[in-house]
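Here's the structure, in structure tokens; my notes come after.
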Amino acid sequence: MTLPRARGPLRLTFVRCLRAAALPTLLAALAGLWLPHALATPLPGLPSAAGAASPWLQLPLFVAAALCAARAAGFWPLFALRRPGRDVVARLQRGPWRGAGAAIVGALLAQLVLTLPLLTFGARLHGAPATAARHDELAPPPQPALTAATPRLAFTPPARPLASVWLCPLAAPPVGAFVPTRVQLRLDGAVLPGAVATFGQSFEAVELPLPAVTVQRLELEYVDGSVPLLFPRGAVRVVAAGSEPQAWNGAAAAVLLLLPTFAALAFAYLAGAVAALPTVWTVAAVLLFVQTVGGIGPAGDVVLALLRGRWVWPSGTFWHGVPSLAAGSVAMIGGMLLRRGARR
Amino acid sequence: MTMRPLCGVGAAVCLALALREAPPSLAALRELAAALVRPAVLPFAFAGLDAAQRAGDDAEWFARARQITDLLPGWSDGHAVFAYRLALDARPAAGADPGADALRRLQTALAWLDGARATAGPREVDLLLMTAFLPEVAALQQPALAERLRAGGGAAALTDRYLAEAERLRGSAAIREQRTFLAPKLAAGLLGAGDRAEARAVLAAAVERAASVRDQALATEWQQRLAEVLRWLDGDRTVDLTAVHGDPRFAPLLPYLR
């Protein structure tokens with residue numbers, strides 16, 4: 001394949017990142033498809049679950065992000081101290097970041113190009129459903145305990161037709177003899193016939209179907225039982241009626257997955273004001289690992305939501321990316337100020 | 001310099017002897033790779049299990065649990081916990097017949113535990129004992145499952161099969177006695193399935209086995225009770241069943257002794 005002649009830090013970095021990461025990403029994607037079958041012990045009768053394939057989809061995503069970040073930091077001379085051509089580039093290149101910002105954008109664009117097919121078509125190969133439904137976590141009331149003494153909890157769902165509500169409370173030790181607690185669902189004050197869920201222990205998830213109507217007030221009512229239930233954030237989720245094509249969901253996920261790479265490169269740029277390339281690479285690699293495989297950041301949630309067929313944008317998953325974006329922006333500004341101070 | 005060829009020959013001989021003593025195998029290579037990967041992967045595997053518990057569904061949780069047991073094939077307690085949860089706690093599929101769904105889950109759980117035996121090593125018998133009691137617990141908890149199992153002699157028949165295998169492997173007095181004292185439940189299951197001859201055979205075998213119970217007083221009493229039940233089943237209505245009715249261990253048999 002012949003790539004167009006590239007000039008300017010964005011295009012130069014984009015082309016180099018693409019060249020460096022394309023083949024390893026493809027190999028990692030193939031390994032991610034093959035390894036689950038090679039390593040797993042088959043057990044007939046156990047239903048498959050796309051959500052459990054998230055490590056295998058994260059593998060090529062991490063490879064693409066890590067190689068793009070490493071190539072960008074290694075290529076653009078202003079990313080680290082004592083790089084060949086650093087002084088020349090610093091004199092010639094204009095702008096507050098002297099081309100490093102454009103190099104980061106080039107790396108992110110290369111990652112986007114590589115991960116888009118993985119998250120749209122590749123996710124389907126891992127068993128992701130063809131469509132994605134919108135899931136919204138409902139904000140709990142200040143006292144989210146449902147007991148005989150506090151027999152009702154009210155939630156405000158988003159103003160759109162709902163398909164179902166998903167309950168997964170925490171259970172406190174029973175008060176007296178153990179009798180699982182039954183919970184009745186009410187919509188806008190009216191009892192929904194048949195919508196009763198029973199909980200005896202924590203993390204018993206129950207999904208109750210709803211008529212596809214817009215609801216302004218959703219209430220959980222204690223019916224009987226001795227197990228006090230707690231409904232913190234995340235314990236009540238509503239699923240919107242209707243669904244969107246998974247391809248759009250994959251595209252949104254690919255954009256969200258740029259945030260960890262941006263934060264990693266931004267902090268690498270900050271470190272590069274006072275450190276050489278090995279340190280810069282280490283900073284980028286560690287931050288990327290922590291934000292993706294380590295689960296601190298949006299990557300894990302985004303991949304899980306995608307494979308489970310849950311809409312990722314905008315949702316709670318989307319907002320998990322904001323800290324990465326904010327921290328990366330602060331690091332970019334810090335890197336710029338440090339370099340400006342060093343030149344004086 | 002003169003030592004280098006000698007060292008090379010010595011190394012080649014050592015390698016050849018090592019290969020002869022312990023020939024390389026794919027399983028050993030796989031185990032080595034797993035041992036290297038395990039510490040790096042397990043924390044994330046458990047985090048994934050936690051994530052599935054909080055916001056996933058049962059299928060995802062069990063698939064994650066399966067990934068963990070694939071990484072730790074010798075962790076028999078883990079296999080047992082996951083399989084018990086599959087048989088006892090998993091929610092029935094929407095619209096599914098509760099009995100059929102419970103039976104499918106029990107069969108899958110038993111297959112899971114059976115598969116784990118190959119890697120359980122010295123804990124194989126413990127795993128068999130844990131497996132043995134799963135059908136009984138599941139049937140107690142899910143009446144629709146007990147109904148489904150009735151035709152095959154009830155949950156006790158499955159339990160006895162696994163206890164027999166454990167007894168074959170270890171042959172300890174404790175396991176033998178467990179089987180001996182399971183006899184009324186197993187016979188009741190067989191009577192429920194209409195297999196009177198097999199039920200009688202089970203009780204007759206239990207009378208013989210009771211002789212080896214370590215507590216001799218208990219053995220004698222147990223033999224007497226079993227003999228009374230056998231006589232009743234053989235049509236002798238003069239036998240006094242007062243002691244049998246007063247013994248809670250014979251409760252499963254009482255419906256068939258009227």
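Chain letters run A, B, ... following the sequence lines, proteins first and then strands; every chain starts at 1.
When all heavy atoms of A:L46 and B:T108 are compared, the pair lying nearest together is N-CG2, 3.9 Å. Taking every heavy atom of both residues into account, A:A49 and B:A63 meet most closely at CB-CB, 4.3 Å. Between B:R54 and A:W166, the shortest heavy-atom distance links the atoms O-CH2, 3.1 Å. Across every non-hydrogen atom of B:R66 and A:T41, the tightest pair is NH2-O, 3.2 Å. Of all the heavy atoms in B:A51 and A:L304, the pair that sits closest is CB-CD1, 4.1 Å.
Heavy atoms of B:L71 lying under 4.5 Å from chain A are absent altogether. Contacts of A:S48 with chain B are made by backbone atoms alone, with heavy-atom separations under 4.5 Å and no side-chain atom involved. For a residue to count as touching a neighbouring chain, one of its non-hydrogen atoms must lie under 4.5 Å from one of that chain's; by this rule A:V206 touches chain B with the side chain only. Proximity to chain A is absent for every atom of B:A47, based on heavy atoms less than 4.5 angstrom apart. In this structure, the portion of A:P44 lying under 4.5 Å from any heavy atom of chain B is its backbone and not its side chain. Looking at A:P169, neither its backbone nor its side chain comes within 4.5 Å of chain B, counting heavy atoms on both sides. With a threshold of 4.5 angstrom between heavy atoms, B:F62 approaches chain A through its backbone and through its side chain.
Separating the OG1 atom in B:T69 from the CG atom in A:L43 is a distance of 9.0 Å, to the nearest 0.5 Å. Distance check, rounded to the nearest 0.5 Å: CG of B:D89 to CD of A:Q201 gives 5.0 Å.
Between chain A and the options B:P43, B:G115, B:A55, the largest number of non-hydrogen pairs under 4.5 Å is found for B:A55.
Without hydrogens or angle criteria, B:Q53 side chain to A:F203 main chain gives no donor-acceptor distance under 3.5 Å. Side chain of B:R64 to main chain of A:G51: a donor-acceptor pair is present (N/O by atom type, distance under 3.5 Å, no hydrogens or angles).
In this structure, B:L26 places its CG atom where only 12 or fewer heavy-atom neighbours from other residues, nucleotides or ligands lie under 6.0 Å away.
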Full working for side chain to side chain contact (heavy atoms under 4.5 Å, CB included) between B:E60 and A:S54: CA-CA 11 Å; B:E60 185 181 326; A:S54 68; over 6 Å; no
